[in-house]
Number of protein chains: 2
Amino acid sequence: MTKIKNNIVKLSAEEKIKRSARELFTQKGFAAIKTRDIAEKAGINLALLNYYFRSKQKLYDLIMEENMVAFRNGIIQLFGNTQMNLEQKIENIVQYYIDAFLENRDLPAFIISVIHQHQHGNVIDNKFYTAIGNAQKVFLEQIKTHLQNKGINSIHPAHIMTNLMSLIFFPFTSSNILKSRAGINEQDFIELMIERKKMIPLWIMSMMEPTVNFKK
Amino acid sequence: MTKIKNNIVKLSAEEKIKRSARELFTQKGFAAIKTRDIAEKAGINLALLNYYFRSKQKLYDLIMEENMVAFRNGIIQLFGNTQMNLEQKIENIVQYYIDAFLENRDLPAFIISVIHQHQHGNVIDNKFYTAIGNAQKVFLEQIKTHLQNKGINSIHPAHIMTNLMSLIFFPFTSSNILKSRAGINEQDFIELMIERKKMIPLWIMSMMEPTVNFKK
DNA sequence: GTCTATAGACGGATAGAC
DNA sequence: GTCTATCCGTCTATAGAC
C-alpha cells in the first residue's frame, strides 16, 4: 500500500485482490466464487491472484482466518474476562459484536455458515475451538453462579449464552425479511441495531430473574 | 416408490436422487455440491440425474422450493392467524419451528443462507416475500397493540418478532460451539431444544413487560 | 510486477447401446 | 429406465514475454 500526494491511498494489486476476495467470499462462500470474479472486481489480471496468493484455496483460507479472528478474539477476551461482573460483560459483548457487524454486514452469516459446516478434524477449526473453549467455560460458570444467587436451578446456563449470541447474530442475517414488507428500510434497520445495544443486555438479564422463570 | 415384501420400501432411482440431493444441497448449498456427489450418494448413475431432473439447477430449485415451503407456510398460517391471542400464537410458532428443525437440523442454516443472499428480482423469492408479507404485518400489528396495552412505546415491534425468530433459529446453527467445550453432547442438545419450546414464549413475553423495559 | 496465452483438470450434460 | 463413454464449456493455475 503506497501513499501518494493529497493523502489519497492507492492500493497495491495485492491489497485490491484481498479486499475483493474478502467481500466476495464473505458474501457467497468459497465454492460460489470464481477466481475470475475476484480478478474482475479488483480490476487486476487473473494471473496476479496466483502470483500473490498461490491458489484460490490459500487465498480463501487467509480471508477466512482473518474473518474469524475478530470473532474468536471477542470470545476469548470478552467471555473469558474474570474481573468484570456478568452484566458489564454482557454489555461489552453486545457492543463489541454489534459494532463489528454494522461495519461488516455479511460477517454474521459467514460465521454462522463456517460454524455450522464445521466437521471435526480440520486443523484450523480445531485450533479455533480449543482457543474459545476456556473463555466459554468461564462465561458459563459465571452465568451458573448468577442463576444460583437468584435461586434458579431450572435453567441451563447454555441457554443464556446461546440466547445472547442469537439476539446479536440473527438479525443481521434476516434484514431482508424485515425490509420486504414490514416498512423498514436500510436506515431504520441500522437504528434498530443500535437500539439493540441497549436492549439486549436488559432482555438477557431479565431471563435470569425468578419472576420470568417461575411465571405460570 | 415401490413397496416390496416384508413392508420394506425400495426407493425408486428418482426418489433416491432427490433425497441425496436434498441432504447435500441443504448442508452445503448449490455451488459446493457436484452432480457426481449426488449420484454417488444415491448409488445411481450420473446420467439418471439429468434424465429425471433435466439439470442440476432445476433439481436445486425443486429442493429449495420444498425446503422453503414449511417455513413459508408456517409464517403465513401461524403469524397471519387473526383469531389467536399473542401468547398462544408465540407458543404455537415456537413449537412448530423447533419440532421442524429437530427433524431437519440443517434447515435453519439453509433458510438463513437463502434469506441472507436474496437479491430482489428473483421470481421465486419475490413470490416468497409477497406471500409472507401480510402475515408479517398481522403479527407486527398484534405486538404493537400488546405493547400499547402495556404502556410501552419505547420499543419497536420488529424487535420482538426478530427476537422470536433469533431464539428459534440460531441455536440450531451453532450447536458445534456448545458441543466443543461446554460439555454438551448430542443428546443434551436435543433436550435443551425441547426445553426451549417452553422457555422461549416466557422470554419473549417478558420482553414486553414494563419492568424489563424501564429498568435502570 | 504485470500481462497474454494456454495448459490441464473438472464438471455438467448428452448420445447412444442395452 | 439404466448404463458407458464422451463431449465441451468452464475454471484454476502456470509458462513465458515484457
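Just so it is clear: chains get the letters A, B, ... in the order the sequence lines come, proteins before strands, and each one is counted from 1. No experiment lies behind these values; they were computed from the predicted model shown.
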A/Lys28 atom NZ, neighbour heavy-atom count above 12 within 6.0 Å: no
CD (A/Glu40) with more than 12 external heavy atoms under 6.0 Å: no
Rounded distance in Å - [atom1] ([X]) to [atom2] ([N]):
{"X": "A/Leu46", "N": "C/dA5", "atom1": "CG", "atom2": "P", "value": "14 Å"}
{"X": "B/Arg54", "N": "C/dA13", "atom1": "CZ", "atom2": "P", "value": "9 Å"}
{"X": "B/Glu15", "N": "D/dG1", "atom1": "CD", "atom2": "P", "value": "14 Å"}
{"X": "B/Asn50", "N": "C/dG16", "atom1": "CG", "atom2": "P", "value": "16 Å"}
{"X": "A/Phe53", "N": "D/dT14", "atom1": "CZ", "atom2": "C1'", "value": "17 Å"}
{"X": "B/Leu48", "N": "C/dT14", "atom1": "CG", "atom2": "P", "value": "14 Å"}
{"X": "B/Leu59", "N": "C/dA13", "atom1": "CG", "atom2": "P", "value": "10 Å"}
{"X": "A/Phe30", "N": "D/dT12", "atom1": "CZ", "atom2": "C1'", "value": "10 Å"}

Non-hydrogen atoms of A/Ile93 and A/Leu78 that approach each other most closely: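 Of all heavy-atom pairs spanning A/Ile93 and A/Leu78, the closest is CG1-CB, 3.7 Å.
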Across the strands shown, which category fits [X] at heavy-atom distances under 4.0 angstrom: base, sugar-phosphate, nothing?
{"X": "B/Leu49", "value": "nothing"}
{"X": "A/Tyr51", "value": "base"}
{"X": "A/Ile38", "value": "nothing"}

As a test of reading the structure: which of [options] is closest to the side chain of [X], going by heavy atoms?
{"X": "A/Lys56", "options": "D/dA13, C/dT14, C/dG12", "value": "D/dA13"}
{"X": "B/Asn45", "options": "D/dC3, D/dT12, C/dG1", "value": "D/dC3"}
{"X": "B/Arg36", "options": "D/dT14, D/dC3, C/dG11", "value": "C/dG11"}
{"X": "A/Ser55", "options": "D/dC3, C/dC3, D/dA13", "value": "D/dA13"}
{"X": "B/Lys34", "options": "C/dA13, D/dT2, C/dG11", "value": "C/dG11"}
{"X": "A/Ala47", "options": "C/dT14, C/dC3, C/dT2", "value": "C/dC3"}
{"X": "B/Ala13", "options": "C/dT2, C/dA13, D/dT2", "value": "D/dT2"}

Under-4.0 Å salt bridge between A/Asp99 and A/Lys197: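 Judged by the 4.0 Å cut-off on N to carboxylate O distance, A/Asp99 and A/Lys197 do form a salt bridge.
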cation_pi(A/Lys179, A/Phe189) dist<6.0 Å, angle<=45: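 Judged by the rule, A/Lys179 and A/Phe189 form a cation-pi pair.
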B/Thr35 side chain near C/dG12 phosphate (N/O to OP1/OP2, under 4.0 Å):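 Checking C/dG12 against B/Thr35, a side-chain N or O does come within under 4.0 Å of OP1 or OP2.
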